[in-house]
Amino acid sequence: MQIRNWDDYQNNYQKSVEDPEKFWGEIADQFIWKKPYKKVLDWDFETPSIKWFEGGSLNITENCLDRHVKTHPNKKAIIWEPNDPNDDGLTWTYQELYNEVCSFANVLKKHGVVKGDRVCLYMPMVPQLAVAVLACARIGAVHSVVFAGFSAQSLADRIDDAKCKLIVTTDGAFRGQKEIPIKGIVDEAVSKCDCVEKIIVFKRTEQYVSMTAQRDVWWHEEMENASTDCPAEEMESEDMLFILYTSGSTGKPKGVVHTCGGYMVYSHYSFTNVFQYEADDIYWCTADIGWITGHSYIVYGPLLAGATTLMFEGIPTWPDAGRFWAICDKYKVNQFYTAPTAIRSLMSKGLEPVARYSLNSLKVIGSVGEPINEEAWRWYNTYIGKNKCPIVDTWWQTETGGIMISPIPNVTDIRPTYATYPLPGIQPILLDKDGNEIKENNVEGLLCIKFPWPSIVRTLYGDHERLKQTYFSTFKGYYFTGDGAKRDTQGRYRIIGRVDDVINVSGHRMGTAEVENAINEHPWVVESAVVGYPHDIKGQGIYAYIIPDRHIESEQAFIDEVNETVRKEIGPIAKPDIIQVVSGLPKTRSGKIMRRILRKIASGDISTLGDTSTLLNPDIVEEIIEKSPMIKK
Ligand code: 7RM
């Protein structure tokens, strides 16, 4: 299953296109199935309906845990590094992790969770989050992890959409110098939903929390007498494994659904190949488990591979900007996987925090979440990889479940800022605006995938029609990614970014409509328009144009209030970087906001605004330019 050289890559790629069922069937045979599958693949992109390994049954945790407990029970499964470098960390062997997972699975069962129930996990990066994920999978409950930076309102929306009956959370969270009242946020969210029956609280910070009798219980008390014996529920290959919410171009987040068999096969396959993981390596992905990267490449992929996966609770800049590198040296990390925004932010702190560490254990370094700019790529390559570690610039999405386009270290070549080639089994194509395939190289187009892979999104929870509309209707017969891409003369891809109304702030996907909805919750806001603009560290920043319903005495006070509204509605990650109060927005005669013009102004470039005379209100453009902080006068 591990591709070792260029010939291997080419043979595998060719085979995966010529006989996909044989290709994936052979990979799938390396897992433990409770019942063998009857058919590798059944699909149509019209309905859409995609089924992998039908007739087969399995439990992903048997593949993550039981089989490794048999062969190497004392190998480290999870290494956990706490927020404060002076606090004690924790290591669990495969045997210990197995015991934790089975015990907690029994706790879930005791509280009435059965196969198919949805369980919401709202936790910071403590190892118990990984335990809770796997415990759900053990008993066939569907986990919906919500990133612990989301607000009570966002959490409530997600709990309600999936009708979760149980929540697992913590008292609080440590993040750098901050202590965050996680349980308080959960209490507020739950007051807005009526599906939640139980809340299990893991004690992390020891801060005071209110516990509601009958409803709230402590993790440590429940675990005291829980048995470590919990048979793995038999799951059909296409049974739901998890839901993960992600932003789209409308205001409402989409509940991306992944299923058991295909996700298992693809997360393992992509992990071993992209990171070229070897038996004794220490692997570290700095993402949060609240995002897909954490699901696939902190928890499932590495554990399926029997790897040692490091989990970090803190932030890259605390106690200082050398923290990532200190951790790399402390644990002799071999594969390090992070996001361009983290690289740029650390790059801005100079070389001193890097120079203190050797980093000589590193073999492969990776990037994910957004396009990496050339400067950040070179810095990463020179000062972190020391010109000897291949950089894997991995392109993929929540909806793809795993890495789709990426270099394979020491197998395929590297081109700075290029995700380069698709993994075997992945068939990307570029289309022009009219949906015609662009066959030649040295071109640019809309990135689509023309054939299913095992971890493709199966549905959007509760809204299959939206799945069809969003991904399978723009271009008939293809999965449309929403990204634009270039392909060079060698057939290597460079992903340019979103072509829809989705912005990518520090690697976090956000719908402009979602942020607008939040802003519009402020009682004085009549209308708003949100666009992305180039930001040195975050990749894209959020620029909001806002029309108030009255004369604003203090603009700063109003802006502060709007920011607070967004923080409450979505969370701190969605707060605009720039808010401009305007008296109107440029609109077409049919009333559509001309976002193209707003994007140009936000990026500080007004040289190519085009003809604005056909607008409903052409004068407004001058006014906005006049007052924009991005336009130098
Ligand atoms: C894994 C993840 C997906 C969107 C995707 C792209 C962008 C991700 C790269 C990238 C350029 C990359 N899932 N994106 N990786 N753009 N190069 N290597 O990020 O669902 O949260 O976001 O992120 O626009 O469509 S995600």
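Note that ligands are numbered from 1 as they come in the structure, with each ligand's atoms numbered from 1 the same way.
Looking at Asp488 and Tyr493, their side chains never bring a donor and an acceptor atom within 3.5 Å of each other. No hydrogens or angles considered: a donor-acceptor pair under 3.5 Å links the side chains of Asn441 and Arg487. A donor-acceptor contact under 3.5 angstrom links the side chains of Asn381 and Asn387, judged on distance only.
The distance between the ring centers of His295 and Phe242 falls below 6.0 angstrom. A ring-centre distance under 6.0 Å is not found for Tyr245 and Phe150.
Figure legend: cation-pi geometry between Arg599 and Tyr533 absent, as NZ or CZ is not positioned both under 6.0 Å from the six-membered ring centre and within 45° of its axis.
Listed by chain and number, Ile292, Thr293, Val368, Gly369, Glu370, Pro371, Asp393, Thr394, Trp395, Trp396, Gln397, Thr398, Asp483, Ile495, Arg498, Asn504, Arg509 each place a non-hydrogen atom less than 4.0 angstrom from ligand 1.
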